[in-house]
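Heads up: the structure comes next, in structure tokens.
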Amino acid sequence: MNIDSITNGIVIDHITAGNAMKLYELLNLGDLDCSVAIIKNVHSTKTGRKDIIKIDADVPINLDLIGYVDPGVTINIIKDEKLIEKRTISLPEQLTNVIKCKNPRCITSTEQELPHVFRLTNRAEKVYRCIYCETKYDG
Amino acid sequence: MRSLINILDLSVEEIDELIAVANDIIADPDKYAEACKRKKLATLFFEPSTRTRLSFEAAMLELGGSVLGFSEATSSSAAKGESVADTVRAVSCYADIIAMRHPKEGAPYVAAMNATVPVINAGDGGHNHPTQTLTDLLTIQREKGTLNNLTVGFCGDLKFGRTVHSLISALSRYTGIKVVLVSPEELKLPSYVKKDVLQQNNIPYVQTTSLEEVMPELDALYMTRVQRERFFNEEDYLRLKDSYILEPRKLENAKKDLIIMHPLPRVNEISVAVDKDPRAAYFKQVLNGKYIRMALIMKLLEEAKA
């Protein structure tokens with residue numbers, strides 16, 4: 001299978017196999033005007049199989065969201081066909097407007113303007129708590 | 001700007017310092033009669049709580065300051081749909097410090113992020129009530145002479161009682177604390193409090209349904225109310241409610257220097273006959289609440305100056 005290399009843009013690599021479509025939807029990549037390639041079930045020496053997303057433009061993407069959905073993903077920034085930056089995304093310390101607090105007693109339930117902010121309180125168990133009411137996010 | 005939203009916002013050293021100041025106020029109140037002269041406390045009570053509001057207001061008045069505010073949301077601009085952020089931005093122009101009670105969890109945190117003066121959380125729903133915990137700590141310290149090496153019993157509704165969760169968190173930072181949890185199955189301490197607070201801090205604890213069994217071990221007993229509305233069926237409530245009423249005969253095997261505490265208001269969970277027992281400390285708690293709030297107001301105003 002031949003997918004053209006990109007000149008300027010982003011390659012989201014080492015996506016857990018099966019997660020590419022989910023990230024595509026959550027990152028609203030369908031709204032972009034540029035080419036976006038989703039490559040599924042690519043052979044990976046580390047994990048057996050992986051997904052890859054290639055975005056043919058240097059657009060801002062929500063790294064916190066990627067880190068929350070699929071920690072361990074690698075972001076490659078390409079400029080003039082060269083790799084200029086490579087980053088592995090881990091679970092972010094804080095999430096803003098990525099997930100929503102579901103506690104009906106939380107202040108965010110009545111004040112719609114407030115951003116939904118969560119803080120990572122247990123990395124090993126991937127526990128995020130609302131900064132306002134401290135309720136654990138249960139998905 | 002330093003605020004107090006959660007009891008854990010204060011270090012153990014800061015709590016010890018507040019307790020020391022409160023004890024000094026009790027010893028010599030005149031020394032503090034003008035400590036907050038020309039300063040104003042705004043009490044923003046979006047839900048009624050007469051006791052807490054009066055305690056804050058009495059504290060500020062005894063420091064020589066003034067108070068302004070409202071005691072229910074209907075008499076504030078919140079009734080017109082104003083946000084907490086906008087309310088405190090405006091109130092920051094009138095007052096030097098704010099005490100806020102709000103039915104929504106996290107509202108005082110939002111206030112602290114937007115106010116230009118210190119904010120004290122005076123209770124946000126079932127979430128935090130740090131000045132109650134400070135009150136409880138001052139009471140234990142005054143009555144027992146220490147906050148270390150104590151066996152503290154918590155009895156009643158340990159599931160929903162925010163004062164219980166908060167006091168357990170605060171005590172878990174002291175040494176030699178043992179916790180005894182007495183409640184019906186339906187109202188046991190939530191597992192996240194056991195895991196995140198007790199187990200994480202290696203605090204030994206036992207859970208039981210029998211108050212009499214553990215009574216002889218206790219240095220302090222913290223009573224809470226078992227509320228009818230917490231039960232799914234009336235039968236269970238009727239079966240359990242009397243097990244957790246403290247009466248003089250249940251104190252027969254208790255230590256002579258036990259202290260009995262309660263965040264108040266009580267309904268029937270402590271029999272009125274216990275009030276005469278010298279070990280009853282719950283009305284002293286009310287008075288201590290005013291003194292520790294005086295110490296806290298002074299500390300936050302002092303830090304705001306810096």
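Residue numbering restarts at 1 for every chain, and letters A, B, ... go by the order of the sequence lines. Scope of the values below: all heavy atoms of this structure, side chains included, with no hydrogens, waters or symmetry mates.
With a 4.5 Å cut-off on side-chain heavy atoms, Ile107(A) and Glu105(B) do not count as touching.
The distance from the CG atom of Asp86(B) to the CD atom of Glu111(A) is 8.5 Å, given to the nearest 0.5 Å. Once rounded to the nearest 0.5 Å, the distance linking CG of Asn122(A) with CD of Gln200(B) reads 8.0 Å. With rounding to the nearest 0.5 Å, the separation of CZ in Arg129(A) from OH in Tyr192(B) is 7.5 Å. Once rounded to the nearest 0.5 Å, the distance linking SG of Cys106(A) with OH of Tyr109(B) reads 11.5 Å. Expressed to the nearest 0.5 Å, how far CG of Asp124(B) lies from CZ of Arg105(A) amounts to 11.0 Å.
At most 12 non-hydrogen atoms from other residues, nucleotides or ligands lie less than 6.0 angstrom from CG of Asp33(A). Around NZ of Lys194(B), the count of heavy atoms belonging to other residues, nucleotides or ligands within 6.0 Å exceeds 12. Annotation for Lys100(A): atom NZ does not count as buried by contact number, only 12 or fewer foreign heavy atoms lying within 6.0 Å. The number of heavy-atom neighbours closer than 6.0 Å to NZ of Lys136(A), taken from other residues, nucleotides and ligands shown, is 12 or below. Other residues, nucleotides and ligands place more than 12 heavy atoms under 6.0 Å from the CZ atom of Arg123(A). Residue Glu185(B) places its CD atom among 12 or fewer non-hydrogen atoms of other residues, nucleotides or ligands, all under 6.0 Å distant.
Heavy-atom distances place the side chain of Ser109(A), and not its backbone, under 4.5 Å from chain B. Both the backbone and the side chain of Ile131(A) come within contact range of chain B, each with at least one heavy atom under 4.5 Å from a heavy atom of that chain.
In terms of modelled atom types and a separation under 3.5 Å, the side chain of Lys104(B) and the main chain of Pro104(A) share a donor-acceptor contact.
A search for side chain to side chain donor-acceptor pair (under 3.5 Å) contacts involving Arg173(B) returns nothing, not counting sequence neighbours.
A pairwise comparison of heavy atoms in Tyr132(A) and His127(B) identifies O-CE1, 3.3 Å as the closest pair.
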